[in-house]
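Numbering of ligands and ligand atoms starts at 1, following listing order.
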Amino acid sequence: MFSIRISFLHKFLCTTTMASQVMGGTRAAHVFSMLVLISFFVIAAEGAIEEYAPMKILMDEWDIRPPSWVGSDPCVGGWEGIECTNSRITSIALADMGLTGRLPSDIELLSELEILNLSFNKGLKGLLPASIGKLTKLVHLNLVGCSFFGRIPDTIGSLKQLSYLSLKNNSFNGLIPPSIGNLTKLFFLDLSDNKLVGSFPVSNRTAPGLDQLENARHFHFQNNQLSGKIPPQLFSSQMKLIHVIFDRNNLTGSIPSTLGLVQSLQAVRLDRNSLNGSVPSNLKNLSKIAELHLSNNQLTGPVPNLTNLNSLSYVDMSNNTFDVSDVPSWFSTLLNLTTLMMENTRLQGEVPQALFSNYNLETLVLRNNKINGLLDLETISSNHLQLIDMEKNFITDLKPTAGGSNYTLILVDNPICEGTNMANNYCIVSPSNSSNLIPPSNCASVACSLGQVSSPNCTCAYPYTGTLVFIFVSFSNLGDFGYYKTLQESLVSTFQSYNLPVESVALGYPTFGSSYHLELFIQVFPSGQDRFNQTGASAIASVISNQTLLRPRFFGPYSAVFPYGNSGGGGSKKGLIIGAAVGGSVLLLLLALVGVYALQQKRRADEQWSRSIPLSGISNSSASAPRLKGAISFSFEELQKYTNGFSEANDVGAGGYGKVYRGILPTGQMVAIKRAKRDSMQGGPEFTAEVELLSRVHHKNLVSLLGFCLEQGEQILVYEYVPNGDLLDSLSEN
Ligand SMILES: *[C@@H]1O[C@H](CO)[C@@H](O)[C@H](O)[C@H]1NC(C)=O
Ligand SMILES: *[C@@H]1O[C@H](CO)[C@@H](O)[C@H](O)[C@H]1NC(C)=O
Ligand SMILES: *[C@@H]1O[C@H](CO)[C@@H](O)[C@H](O)[C@H]1NC(C)=O
Ligand SMILES: *[C@@H]1O[C@H](CO)[C@@H](O)[C@H](O)[C@H]1NC(C)=O
Ligand SMILES: *[C@@H]1O[C@H](CO)[C@@H](O)[C@H](O)[C@H]1NC(C)=O
Ligand SMILES: *[C@@H]1O[C@H](CO)[C@@H](O)[C@H](O)[C@H]1NC(C)=O
């Protein structure tokens with residue numbers, strides 16, 4: 001027998017104890033039962049690959065115990081987030097569960113694991129253990145939005161079944177391990193938003209390389225510190241890549257012409273590097289390409305000839321030093337083009353009138369060129385047009401659109417704006433790249449209680465909230481609600497297809513933020529409840545993180561940021577059931593006993609600590625302590641969530657007493673959280689006195705106290721956030 005179930009063990013223990021009692025408690029009977037027990041444990045220890053043991057290690061490390069994790073067998077009784085096949089754990093999906101700690105190397109014990117999704121747990125940090133390479137059945141490894149650092153271990157190349165690998169948005173550094181080239185089943189590879197350095201590894205006689213990933217569709221490496229040339233060997237006609245996303249690195253050298261061999265490509269982002277040389281002419285072979293971003297490099301040579309690339313919808317080649325040229329005629333022939341950005345590219349001559357006969361045009365940016373003569377906008381046919389930006393050119397004449405226009409025209413810094421036209425709108429306006437738009441709502445009359453938000457269907461609830469970031473989109477008119485409406489609908493139907501209780505989705509505040517990728521605020525509203533419980537929230541996060549959301553064709557792949565600590569509807573770490581901690585071996589039993597003892601000791605200590613201060617007055621029972629009305633007792637894990645695990649990013653200052661963090665309450669209110677260092681803690685009575693005092697004073701020059709936390713040996717005060725120096729000054733005083 002390979003795996004011995006705990007319940008069986010439990011029964012067995014009871015029976016042997018009973019047997020010893022039946023035998024009259026004689027010494028012989030005791031010896032007998034001890035022997036039986038010992039031999040049993042030997043058998044158990046030999047055969048034991050008990051799934052509970054590694055799970056227990058993970059649970060302890062991550063400090064979680066969701067309410068549904070009862071009993072001692074993760075494969076019995078519906079442990080949410082865990083799936084098993086033949087009593088072995090095959091899937092762990094714990095997205096946005098507020099996990100903290102490391103990924104223990106004992107993860108290797110879960111040798112049947114196929115899916116590991118720990119995305120959006122900012123509190124997960126440390127190195128990715130080399131033992132991850134032992135999980136050879138892993139198909140899906142998703143650690144998006146955690147805080148792992150150090151090198152990506154070479155052993156990752158042993159995960160031969162892997163088809164989805166995303167380590168996006170951590171702090172990994174060092175080189176891209178060449179061994180990833182051994183993952184020939186890889187379909188989705190995302191290492192973006194890390195601190196990776198060096199170049200792309202390609203194969204040679206002794207080592208594998210990324211060029212071997214012939215089944216990969218996605219190479220997402222944006223926003224790292226990758227440098228050196230893009231090796232020509234990286235691309236070949238055997239590859240099936242659809243997205244090559246390398247923007248915001250330090251890549252140099254020229255764009256390899258082999259890129260033109262990857263006929264399947266739909267989106268290429270090489271913008272914001274230091275690429276030079278001329279653009280290979282065979283890019284014109286990429287007949288499926290829809291998005292092409294080459295901006296902000298040092299490219300030279302002729303402006304690429306994109307004639308016949310009729311799928312193109314978004315082209316940005318701004319800020320390169322191409323040869324001086326006339327405005328190319330292919331601009332006018334690409335009928336799917338929504339966006340053309342050619343700022344500062346040494347274009348000259350007149351803009352061909354034909355360009356404006358494109359029905360889909362939304363944005364035309366030709367700032368800072370040498371375009372001259374007449375700008376003929378008379379025959380504009382697109383009613384999606386939002387912006388024509390011709391600032392800093394040599395335009396002398398304008399034929400305005402017949403019948404008026406509802407787009408923005410910018411001609412600032414052109415000869416036409418000298419003299420009589422100066423007061424004209426188009427000689428004044430400056431562009432903006434964000435929009436405070438939220439979809440129109442029919443819920444004006446709905447008044448929700450504090451913290452709740454009205455859904456698009458006008459019900460009040462606490463939505464699951466975050467930001468979606470699209471690595472590219474094929475439109476640029478951010479004010480066109482049609483796009484978001486279609487997306488909204490397809491998101492709702494995807495969530496519902498996973499049986500998630502989603503009532504509706506609201507999207508808004510589109511902006512090309514500091515990432516130059518489209519950022520969209522998202523609120524997911526629950527149906528049949530006023531908020532998602534932890535399981536529900538986590539399931540939503542995993543659907544978002546594993547790219548299963550269906551989306552209209554004009555939205556590319558996305559990632560997300562959940563800054564508000566959405567999950568943890570309560571009690572994740574409470575109710576630790578130590579009684580269930582009977583493991584599959586003597587060692588584990590002993591450990592558990594030690595654990596129980598330690599916990600009891602700690603509890604005793606905690607109790608003494610809390611007894612020493614009159615906590616009763618601080619609770620919500622305001623009757624007995626009217627002076628403390630308003631000060632809330634927060635749990636430590638709540639505060640962890642609000643501060644993203646007391647992350648550095650939220651650290652707004654420090655003093656002798658400890659640190660001050662910025663946090664966001666579920667209501668959206670910003671707070672400042674002052675956490676005392678161990679050695680500067682006050683005695684219980686002093687702390688209580690401070691809480692009492694602060695909660696009584698509401699003076700305009702003092703930030704007011706909202707609550708406190710006295711759990712887990714911490715002394716934490718939560719104040720209103722005042723986002724300027726005063727706050728720090730007033731908090732730093734003691
Ligand atoms: C890659 O795979 C080959 C063949 O399976 C193996 O010989 C080699 O050791 C692997 N290399 C790495 C770095 O994992
Ligand atoms: C791609 O472009 C090159 C050079 O521009 C040309 O010789 C070749 O035939 C093209 N390949 C395909 C498959 O169209
Ligand atoms: C661009 O390429 C097309 C065909 O691919 C050709 O007809 C046209 O002359 C080229 N334009 C320039 C300016 O080279
Ligand atoms: C071009 O460069 C300027 C100056 O660095 C920058 O402000 C502008 O945003 C860039 N344009 C585009 C389209 O990236
Ligand atoms: C969480 O909510 C789901 C429905 O969204 C429900 O099925 C489940 O039982 C809830 N879990 C807990 C622990 O309340
Ligand atoms: C993606 O997430 C959903 C919801 O948790 C799950 O049903 C689905 O199996 C996941 N897909 C993968 C490949 O993990």
Side-chain angles (χ1 to χ4, degrees), residues 65-70 77-81 97 130 132-134 136 152-162 175-186 201 203-210 212-213 247-248 269-273 293-299 314-321 339-346 363-369 387 389 391-392 430-434 461 464 476 495-496 498-503 512-517 524-540 543 567-572 574-575:
R65 184 94 208 195
S68 68
W69 291 18
V70 290
W79 283 32
E80 281 159 309
M97 290 282 275
I132 193 111
K134 302 249 175 75
T136 50
I152 302 171
D154 259 336
T155 51
I156 204 142
S158 313
L159 305 176
K160 295 277 159 55
Q161 301 302 318
L162 210 57
L175 304 172
I176 301 171
S179 64
I180 289 181
N182 264 0
L183 305 177
T184 48
K185 293 196 176 164
L186 212 53
S203 65
N204 55 34
R205 241 174 296 146
T206 56
L210 301 183
Q212 290 166 302
L213 299 178
D247 57 290
R248 286 172 294 146
R269 287 200 72 153
L270 303 176
D271 48 308
R272 299 175 171 85
N273 281 287
H293 295 250
L294 303 177
S295 70
N296 300 290
N297 280 292
Q298 284 122 44
L299 297 169
Y314 198 123
V315 174
D316 186 357
M317 305 207 261
S318 301
N319 291 327
N320 283 294
T321 333
T339 308
L340 181 61
M341 314 265 282
M342 295 288 286
E343 172 176 353
N344 186 22
T345 47
R346 309 222 284 172
T363 303
L364 177 67
V365 175
L366 300 176
R367 294 162 69 91
N368 202 0
N369 282 293
L387 175 67
D389 182 354
E391 190 173 334
K392 263 191 153 181
S430 57
S432 98
N433 68 346
S434 73
Y464 186 81
S476 52
F495 286 131
Q496 289 174 348
Y498 284 98
N499 288 323
L500 295 172
V502 169
E503 188 237 33
F512 286 111
S514 53
S515 62
Y516 307 99
H517 292 197
V524 183
F525 288 88
S527 74
Q529 51 195 27
D530 75 347
R531 71 187 76 195
F532 292 103
N533 61 26
Q534 187 171 44
T535 316
S538 176
I540 286 176
V543 170
S567 70
S572 65
K574 294 190 183 115

- Proximity of M342 to ligand 4 by residue part, where a heavy atom lies under 4.0 Å: neither

- In terms of atom number and element, which parts of ligand 4 are under 4.0 angstrom from non-hydrogen atoms of S318? 12 (C), 13 (C)

- Task: For the residue pair N296 and N319, confirm or rule out a side-chain donor-acceptor distance under 3.5 Å.
- Result: yes

- In this structure, atom 4 (C) of ligand 5 is nearest to the protein heavy atom P501 CG, 4.0 Å

- Decide yes or no for I132 and P153: does some side-chain heavy atom of the first lie under 4.5 Å from some side-chain heavy atom of the second? yes

- Message: Looking at ligand 4, would N296 count as a contact under a 4.0 Å heavy-atom criterion?
- Response: yes

- Query: Do any nitrogen or oxygen atoms of D316 lie less than 3.5 angstrom from nitrogen or oxygen atoms of ligand 4?
  - Reply: no

- atom 1 (C) of ligand 4: the protein heavy-atom neighbour that sits closest, reported with distance to 0.1 Å: N319 ND2, 1.4 Å

- Query: Could you go step by step and tell me if R367 and K392 meet the side chain to side chain contact (heavy atoms under 4.5 Å, CB included) rule?
  - Reply: CA-CA 6 Å; R367 294 162 69 91; K392 263 191 153 181; 5.6 Å; no

- Would you indicate whether the side-chain heavy atoms of T339 and D316 approach each other to under 4.5 Å? no

- Message: Is there a polar contact between ligand 4 and E343, counting only N or O atoms under 3.5 Å apart?
- Response: yes

- Just need the protein heavy atom nearest to atom 5 (O) of ligand 1, so name the residue and atom and give the distance. K160 NZ, 3.9 Å

- Contact atoms of ligand 4, heavy-atom distance to R272 under 4.0 Å: 14 (O)

- Is there any N or O on S179 that sits under 3.5 Å from an N or O of ligand 1? no

- Query: Tell me, do S538 and E80 make a side-chain contact under 4.5 Å, heavy atoms counted?
  - Reply: no

- Query: Starting from atom 12 (C) of ligand 5, which protein heavy atom do you reach first, and at what distance in Å?
  - Reply: N533 ND2, 3.2 Å

- Message: Using 0.5 Å steps for rounding, measure from the CG atom of L366 to the CG atom of N344.
- Response: 11.5 Å

- Query: Any protein heavy atom lying closer than 4.0 Å to atom 9 (O) of ligand 1?
  - Reply: no

- Message: Cation-pi check for Y516 against R248: NZ or CZ below 6.0 Å from the six-membered ring centre and within 45 degrees of the axis, yes or no?
- Response: no

- Message: In the structure I gave you, are the side-chain heavy atoms of M341 and S295 within less than 4.5 Å of one another anywhere?
- Response: no

- Query: Heavy-atom distance under 4.5 Å between the side chains of H517 and D247, does that happen here?
  - Reply: yes

- Message: Residue-level breakdown please: for D271 versus ligand 4, do any non-hydrogen atoms fall below 4.0 Å on the side chain, on the backbone, on both, or on neither?
- Response: neither

- Task: Pick, from I156, T184, N182, T155, the option with the minimum heavy-atom distance to atom 14 (O) of ligand 1.
- Result: N182

